[in-house]
Number of protein chains: 2
Amino acid sequence: MSTRKISDSMVRRLSGYLRQLRFLAAEGRRVVSSQELADEAATTAAQVRKDLSQFGSFGQRGRGYPVVPLRDELVRILGLRRPWRACVVGAGRLGTALLGYEDFGKRGFEIVAAFDVDPELIGKEVEGIPVLSIEDLESEIRTRGIELAVLTVPHGPARRIADRLAEAGVRGILNFTPTRLRARPGVSIRGMDIAVELEGLSYRIVTGGEPGGNGA
Amino acid sequence: MSTRKISDSMVRRLSGYLRQLRFLAAEGRRVVSSQELADEAATTAAQVRKDLSQFGSFGQRGRGYPVVPLRDELVRILGLRRPWRACVVGAGRLGTALLGYEDFGKRGFEIVAAFDVDPELIGKEVEGIPVLSIEDLESEIRTRGIELAVLTVPHGPARRIADRLAEAGVRGILNFTPTRLRARPGVSIRGMDIAVELEGLSYRIVTGGEPGGNGA
DNA sequence: TTGTATTCGTGACTCATTTCACAAGGACCC
DNA sequence: GGGTCCTTGTGAAATGAGTCACGAATACAA
Ligand SMILES: NC(=O)c1ccc[n+]([C@@H]2O[C@H](COP(=O)([O-])OP(=O)(O)OC[C@H]3O[C@@H](n4cnc5c(N)ncnc54)[C@H](O)[C@@H]3O)[C@@H](O)[C@H]2O)c1
Ligand SMILES: NC(=O)c1ccc[n+]([C@@H]2O[C@H](COP(=O)([O-])OP(=O)(O)OC[C@H]3O[C@@H](n4cnc5c(N)ncnc54)[C@H](O)[C@@H]3O)[C@@H](O)[C@H]2O)c1
């Protein structure tokens with residue numbers, strides 16, 4: 001346990017271990033080896049051990065890692081002990097799909113509201129989640145204790161809304177728009193750009209690159 | 001120009017530069033400095049120059065990089081000279097949202113078909129794109145010359161369908177399911193897992209990590 | 001209890017990526 | 001045509017990530 005700085009790619013791997021551990025826990029498995037964890041997370045056994053050893057000694061030599069305690073430890077490390085309260089901004093095609101995504105809840109993220117400008121949508125419920133007016137963004141975020149936002153509005157208003165979210169005290173934004181958001185102190189931002197991923201595929205294919213598996 | 005091996009994170013940055021260059025080209029800008037490119041792609045000027053120098057000398061000292069030629073060069077490097085023919089497998093909530101995503105075309109990816117099991121959907125068109133039976137997956141992929149697939153089916157059938165896609169000759173899969181797909185020779189796979197990104201946000205927030213901007 | 005087979009934890013090493021610093025090359029003004 | 005800015009291109013240095021090998025600890029069988 002040497003408490004190095006935790007890199008982004010390592011956090012990504014921890015997520016992968018956690019996913020696998022949840023699955024194993026549901027199956028009733030008691031212990032799992034670094035090798036098995038590595039296979040599912042597309043890495044090596046040594047890497048798994050090194051990653052986990054950053055936080056303490058959870059394994060038992062000769063046996064492996066106890067599934068449930070290790071899962072709970074990762075939940076703690078990743079900050080998922082209690083669910084995060086989140087909203088979706090932009091209840092369009094993509095936003096609506098996300099509102100119906102049941103895995104959010106299972107993974108510790110609770111979507112408590114959506115926001116939109118469209119008067120047709122405001123006041124309705126989509127997948128059981130209320131669509132609120134974008135005008136009330138700041139007040140609703142405060143009263144409902146919303147900490148995270150998923151941004152699925154068009155390019156035009158994206159920057160402005162991100163600023164308003166930051167201003168209203170949101171701690172993190174998951175950005176699905178192709179707009180690059182300005183970093184704001186106190187607000188973490190992560191972008192999911194489909195085109196970037198597709199272009200990555202394209203590059204690998206034309207350069208004859210086999211290496212199939214990065215993410216899932 | 002030293003022709004090192006191109007890393008994954010570098011390809012990601014190249015995508016970022018390309019996005020910005022497309023935007024600047026549309027605005028009519030003639031030249032751009034490494035500094036400006038760096039600001040938008042959340043990196044440093046030196047990094048931009050080093051990245052680009054892998055492929056040749058495109059810049060003019062004292063002036064910067066000519067926007068349109070550099071854009072075209074990146075298009076070539078990333079393998080985007082002609083559009084890729086793609087399909088969406090699983091025309092559910094997420095799949096439907098993706099079928100309506102107009103930016104695909106602009107970025108060089110043409111969605112020519114969707115596949116599903118649901119008899120209600122098969123034969124219909126969604127957003128102008130025909131929904132075909134999953135039973136005809138192999139034959140349709142061959143006759144329509146489909147090269148890429150976006151996978152948006154439930155967890156259950158995901159692995160099996162990925163195998164069928166690989167068998168049918170698809171060159172790349174963009175996987176939105178939480179299922180980890182087995183790497184297959186000749187098929188590049190890239191996963192987009194929302195939960196992984198949200199967990200990354202969660203981690204950064206609880207550890208007090210400011211560093212706002214990775215992706216968009 | 002002893003021996004053998006496992007599997008973790010970890011320091012040393014290797015390899016990859018990023019940053020730094022600056023010379024080289026061109027633009028532009030006078 | 002000479003001087004002055006700028007900004008690129010690039011080796012060298014610094015930093016960081018991932019791999020290896022092996023000792024320590026444990027399980028289990030005989
Ligand atoms: N559709 C996809 O599959 C997809 C995939 C990846 C990324 N994206 C990105 O996600 C974003 C949304 O895409 P979409 O296809 O869902 O578009 P959409 O037009 O279907 O939905 C956008 C929604 O945002 C709302 N909106 C517009 N301005 C707003 C404002 N100022 N405040 C609040 N809400 C506002 C609209 O009323 C609409 O409901 C776009 O930036 C797009 O590039 C979409
Ligand atoms: N909804 C989201 O916002 C979201 C976000 C991220 C990831 N995902 C993932 O994307 C996948 C789809 O999610 P969804 O919400 O769109 O689910 P959905 O149930 O709305 O859609 C799934 C579609 O796949 C079709 N399907 C089922 N079995 C099939 C088969 N064997 N062959 C072809 N088609 C088949 C179904 O008929 C349905 O139309 C899931 O794996 C989910 O975890 C969804």
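Every heavy atom of this structure was used, including side-chain atoms; hydrogens, water molecules and symmetry mates were not. The structure presented is a predicted model; accordingly, all values stated were derived computationally and were not measured. Throughout, protein chains are lettered first and strands after them, A, B, ... in sequence-line order, and every chain is numbered starting at 1.
- At D:dT7, none of the side-chain N or O atoms of B:Ser33 fall inside 4.0 Å of OP1 or OP2 (strictly under the cut-off).
- An OP1 or OP2 oxygen of C:dA16 is reached within less than 4.0 angstrom by no side-chain nitrogen or oxygen of B:Ser7.
- Sorted by first then second residue, the ring-ring contact (aromatic ring centres under 6.0 Å, His included) pairs that include residues 86-105 of chain B, not counting sequence neighbours, are B:Tyr101-B:Phe104.
- Checking the phosphate oxygens (OP1, OP2) of D:dC6, no side-chain nitrogen or oxygen of B:Tyr65 falls inside 4.0 Å.
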Protein within reach of the bases, or only the backbone? For nucleotides 22-30 of chain D, mark each nucleotide 5' to 3' as B, S or -, using heavy atoms under 4.0 Å. -BBBBS---
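- Partners of B:Asp163 by side-chain contact (heavy atoms from CB on, under 4.5 Å), not counting sequence neighbours, listed by chain and number: B:Arg182, B:Arg184.
- The end-to-end axis angle of the helix from C:dT1-D:dA30 to C:dC30-D:dG1, rounded to 10 degrees and based on five pairs per end, is 10°.
- Side-chain atoms of A:Lys50 lie closest to D:dT19 of the nucleotides D:dT19, D:dG9, C:dT18.
- Residue contacts shown for B:Ser34 are limited to sugar-phosphate atoms, with no base heavy atom under 4.0 Å away.
- Within the structure, every pair that satisfies the salt bridge (charged side-chain N to carboxylate O under 4.0 Å, His left out) test and touches residues 73-84 of chain B, not counting sequence neighbours, is listed here: B:Glu73-B:Arg76, B:Arg82-B:Glu147.
- Considering only side-chain atoms of A:Ser9, the nucleotide from D:dG9, D:dG18, C:dT19 that sits closest is D:dG18.
- Here A:Ser15 pairs with A:Leu78, B:Val196, B:Glu199 under the side-chain contact (heavy atoms from CB on, under 4.5 Å) rule; sequence neighbours left out.
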